[in-house]
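Per chain, numbering begins at 1; letters A, B, ... match sequence-line order. Basis for what follows: all heavy atoms, side chains included, without hydrogens, waters or symmetry-related copies. Nothing here was measured: the structure is a model prediction, and the numbers come from that model.
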Number of protein chains: 2
Amino acid sequence: MPLTLEGIAKLAGVSRSTVSRVINDHPSVRAEVRGHVQQIIRETNYQPHAAARSLVTHRTHIISVIIPESVTKLFTDPFFPLLLYGITATSNAHHYDLMLSLFNGPGEEGETYRRIIGSGNLDGVIVASAHLTDAVFLRLLQDKIPFVVVGRYPDESVNCVDVDNIGGARMAVEHLIGLGHTRIATLTGPLTMTHGADRLSGYRLAMAAHQLPVTDDLIFHGDYTESSGMTGAKQLLAASPTAIFVASDVMAIGALKTLREAGLRIPQDIALVGFDDVSIAAAVEPALTTVRQPIIRLGATATELLLSLLASRPAAGAAAQRIILPTELVVRQSCGAAGMIPGTSL
Amino acid sequence: MPLTLEGIAKLAGVSRSTVSRVINDHPSVRAEVRGHVQQIIRETNYQPHAAARSLVTHRTHIISVIIPESVTKLFTDPFFPLLLYGITATSNAHHYDLMLSLFNGPGEEGETYRRIIGSGNLDGVIVASAHLTDAVFLRLLQDKIPFVVVGRYPDESVNCVDVDNIGGARMAVEHLIGLGHTRIATLTGPLTMTHGADRLSGYRLAMAAHQLPVTDDLIFHGDYTESSGMTGAKQLLAASPTAIFVASDVMAIGALKTLREAGLRIPQDIALVGFDDVSIAAAVEPALTTVRQPIIRLGATATELLLSLLASRPAAGAAAQRIILPTELVVRQSCGAAGMIPGTSL
DNA sequence: GAAACGCATGGGAGCGCTCCCATGCGTGTT
DNA sequence: AACACGCATGGGAGCGCTCCCATGCGTTTC
């Protein structure tokens, strides 16, 4: 029952080689023969054995997503599911299969890495991580596995795709400045992560561009959690800002609660801008003005970059690509630019 | 540089077969020889070529998760990420690799299915879907691929793992009854999905067990979305219930908003119980009483079941297993049982 | 002390493919 | 008319493993 190339060849009255040529679209097969073989393949529902094939071609048509992130963060955040969707859809469209590897514990990492990479099962890897310190990068580089990083990575030789965190943050803060704010505070993410650091840079750039002073009391270092948004907002109030740029929506929602409890009206007393545009951002009261990042496109672009790498088999040491996708300011109520009546300026 | 079995054999001064025996833990290798070979393997960082191996063993040590769900639902819902985590962690722990397949469009399904399954790349499959009509089941059955369904599946011959939706719903409703409610309405999920139907069954069982009448105006058929929670609550108010059992937290939050707008206090004027225990459930005001399902364990259990299937290679037609995991009632404020001060009964 | 057995080890075959080279045929060249 | 050449096709080799069988040796048995 397990049909092989040879079997199809016998059925079609040709040789194994000819069937192989048909399957691999080799030009030198007579159209008539090709048609006949294709029909037999269709009728028998034959499909070449992947292992046998990759044993000789050294290609598996499988790529892997490696997520070395700690578990909790991973699954609270709507970021990864969307990224994963972008990646899957794209790899499927290109007839590649997708393997998913989470490195859960630090202990697991070495063993899992070896199993995943060492067995020759993979054509390439997408690394979704913001931690620059992860050992994975070094190992992949050393093992000469083609890979693409989602996020910014400082090493010039690494291919990466990121969203424009700096530009997005800058845009958000300049929007606040445009509304007349001058005392603008910021609630940052962890600066050990590129997006955390970048969003702060964007804030600084915008302030500097308009000669607005940035004092230490205008900056609170959070960690993207709602509770850090709450404590951050409380602390920032001491500097009596008229607006706060918050580096994530989840933190912004924490801030919102605290500010409300303090008796402040948003946006009349204090304006708020978030980052991410998670689904709750539009649902809270008042709806959150925020910076939207194209997460699905991020995954799709990373996948496309990886696949193009695989297709061209570039000489090692070739210039790596880095792609930055634009972010977009979504103006809702919390910044005070739009009116409280959706769709109008009132 | 690509090290092979033969290479290791030469380095160790033994034969290819002996090295193979060491790798596969075959007993008949002298302890001394075994140790020596193992050391060489460690030193050289050798790893057997997966494709070559599976060409002869017909095993790949790869399992796949197939999610035939439509995209939107998939990635709004925190269910899938958690499920995926349970699956990955477990398969990793058992040294299995995980492939992820989303069937996005109906058109894509056939082609993707063929690519995934037909190539012999997979040892087994976990299907995460609640739609009984999906063609995947039939194809998997027909192709004799070992698989496990996450969710209840009526066919006796199918292995499946589910959470106790009926019991959970029943528990929730009985809790409300215990608090003195008699006019209890319900806001259901889509009844084409087993969990939607099961949660309604649980409601009916609880009501019947206490001789409480269930009239049509006490039931609204929603679709798990927040907006259907809003319209559902509005409509159910006509029956003036004193409590509503809502089949999902997201819908419950929609209902919450509508009820508030109608001037009702929760839980004083109307009690509310949700289902799922998503992370926002604890964050809303008042915190939502809800039924928690062990999603990570669900994924882990499904994976373990599949792996045990693979290990035992049961005769086709052997009795399938169905495992039901218990759900748990999480009592918070919205039902009126706990007081408004967390941690106390006031 | 010879036959019988057990265990550790080596080498051949073959899994299902792709690739290369050899073959055969039709066409174009001189 | 003889040759070279191109293209379509067939078959051998081999990818890196596992499995089976053959071999050789030490130990038991009567």
Side-chain angles (χ1 to χ4, degrees), chain A residues 1-38 40-41 44-62 95 97 114-115 117-123 313, chain B residues 1-38 40-41 44-62 95 115 117-123 313:
Chain A
M1 192 62 219
L3 214 41
T4 72
L5 248 203
E6 205 94 36
I8 298 292
K10 203 164 289 173
L11 287 175
V14 295
S15 77
R16 184 172 31 101
S17 303
T18 300
V19 180
S20 175
R21 284 187 193 99
V22 171
I23 288 171
N24 295 298
D25 270 331
H26 188 99
S28 70
V29 178
R30 254 190 314 147
E32 185 192 325
V33 176
R34 175 185 305 274
H36 181 218
V37 171
Q38 277 169 339
I40 303 257
I41 290 175
T44 54
N45 212 19
Y46 166 76
Q47 189 139 7
H49 191 96
R53 197 173 222 185
S54 71
L55 180 57
V56 28
T57 57
H58 299 290
R59 297 300 218 86
T60 58
H61 261 67
I62 300 177
H95 308 292
D97 286 338
R114 266 178 60 91
R115 179 160 45 79
I117 306 292
S119 58
N121 243 336
L122 256 46
D123 286 354
R313 282 245 171 261
Chain B
M1 195 58 223
L3 215 42
T4 71
L5 247 203
E6 205 92 36
I8 298 292
K10 202 164 290 173
L11 287 174
V14 295
S15 77
R16 184 169 33 98
S17 304
T18 301
V19 180
S20 174
R21 284 188 193 100
V22 171
I23 288 172
N24 296 297
D25 271 330
H26 189 99
S28 70
V29 177
R30 254 192 312 148
E32 183 193 326
V33 175
R34 177 185 304 276
H36 182 218
V37 171
Q38 278 170 339
I40 303 258
I41 289 175
T44 54
N45 213 20
Y46 165 76
Q47 189 139 8
H49 190 96
R53 198 173 221 183
S54 70
L55 180 57
V56 26
T57 57
H58 298 290
R59 296 304 218 82
T60 58
H61 261 67
I62 300 177
H95 309 292
R115 180 160 45 77
I117 306 293
S119 58
N121 242 337
L122 257 46
D123 286 355
R313 284 247 171 258

Taking only side-chain nitrogens and oxygens of Thr18(A), does any of them come within less than 4.0 Å of OP1 or OP2 of dG10(D)? yes
Any idea which of dG12(C), dT9(C), dC17(D) is nearest the Thr4(B) side chain? dC17(D)
Under the 3.5 Å rule, do the base of dT9(D) and the side chain of Arg30(A) count as making a donor-acceptor pair? no
Using whole Å, what does the distance between atom P of nucleotide dC17(D) and atom CZ of Arg21(B) come to? 15 Å
Short side-chain N/O contact from Ser20(B) to OP1 or OP2 of dT18(D), under 4.0 Å: yes
Closest approach to the side chain of Ser17(A), judged atom by atom: which nucleotide of dC17(C), dG11(D), dG12(C) is it? dG11(D)
Set out, in order, the CA-CA distance, both residues' side-chain angles and the distance that settles side-chain contact (heavy atoms from CB on, under 4.5 Å) for Arg34(B) and Gln38(B), then state yes or no. CA-CA 6 Å; Arg34(B) 177 185 304 276; Gln38(B) 278 170 339; 3.9 Å; yes
Working for side-chain contact (heavy atoms from CB on, under 4.5 Å), residues Arg21(A) and Thr18(A): CA-CA 5 Å; Arg21(A) 284 187 193 99; Thr18(A) 300; 3.9 Å; yes
Only one of Ile8(B), Val29(B), Val14(B), Ile40(B) clears side chain to side chain contact (heavy atoms under 4.5 Å, CB included) with Val22(B); which? Val29(B)
Sugar-phosphate, base or nothing in reach of Thr57(B), heavy atoms under 4.0 Å: sugar-phosphate
Does dG16(D) have its OP1 or OP2 closer than 4.0 Å to a side-chain nitrogen or oxygen of Tyr46(B)? no
dC19(C) P sits how many Å from Arg59(A) CZ, rounded? 11 Å
With no hydrogens and no angle check, just 3.5 Å: does a side-chain donor-acceptor pair link Asp123(B) and Thr60(B)? yes
Atom pair distance, as rounded to whole Å: CZ in Arg16(A) and P in dG10(D): 11 Å
What is the separation between atom CD1 on Ile41(B) and atom C1' on dC17(D), rounded to the nearest whole Å? 13 Å
Mapping Ile23(B) and Pro27(A) onto DNA chain D by nearest heavy atom, which one lands closer to the 5' end? Pro27(A)
Length of the line joining Leu3(A):CG and dC15(C):C1', which is rounded to integer Å: 15 Å
Between Val14(B) and Glu6(A), whichever has its closest DNA chain C nucleotide further toward 5' is Val14(B)
On DNA chain C, more 5' by nearest nucleotide between Val29(B) and Leu55(B) is Val29(B)
Quiz item: Ser15(B) side-chain donor-acceptor pair to dG11(C) base, under 3.5 Å: no
Check the distance between dC19(D)'s P and Arg53(B)'s CZ and give it to me in whole angstrom. 9 Å
Whole-Å distance, Asn24(B) CG to dC19(D) C1', equals 11 Å
Check the distance between dG16(C)'s P and Gln47(A)'s CD and give it to me in whole angstrom. 15 Å
Donor-acceptor pair between Arg115(B) and Asn121(B) side chains, under 3.5 angstrom: no
Closest to the side chain of His49(B), out of dC17(C), dC19(D), dG16(D), is dG16(D)
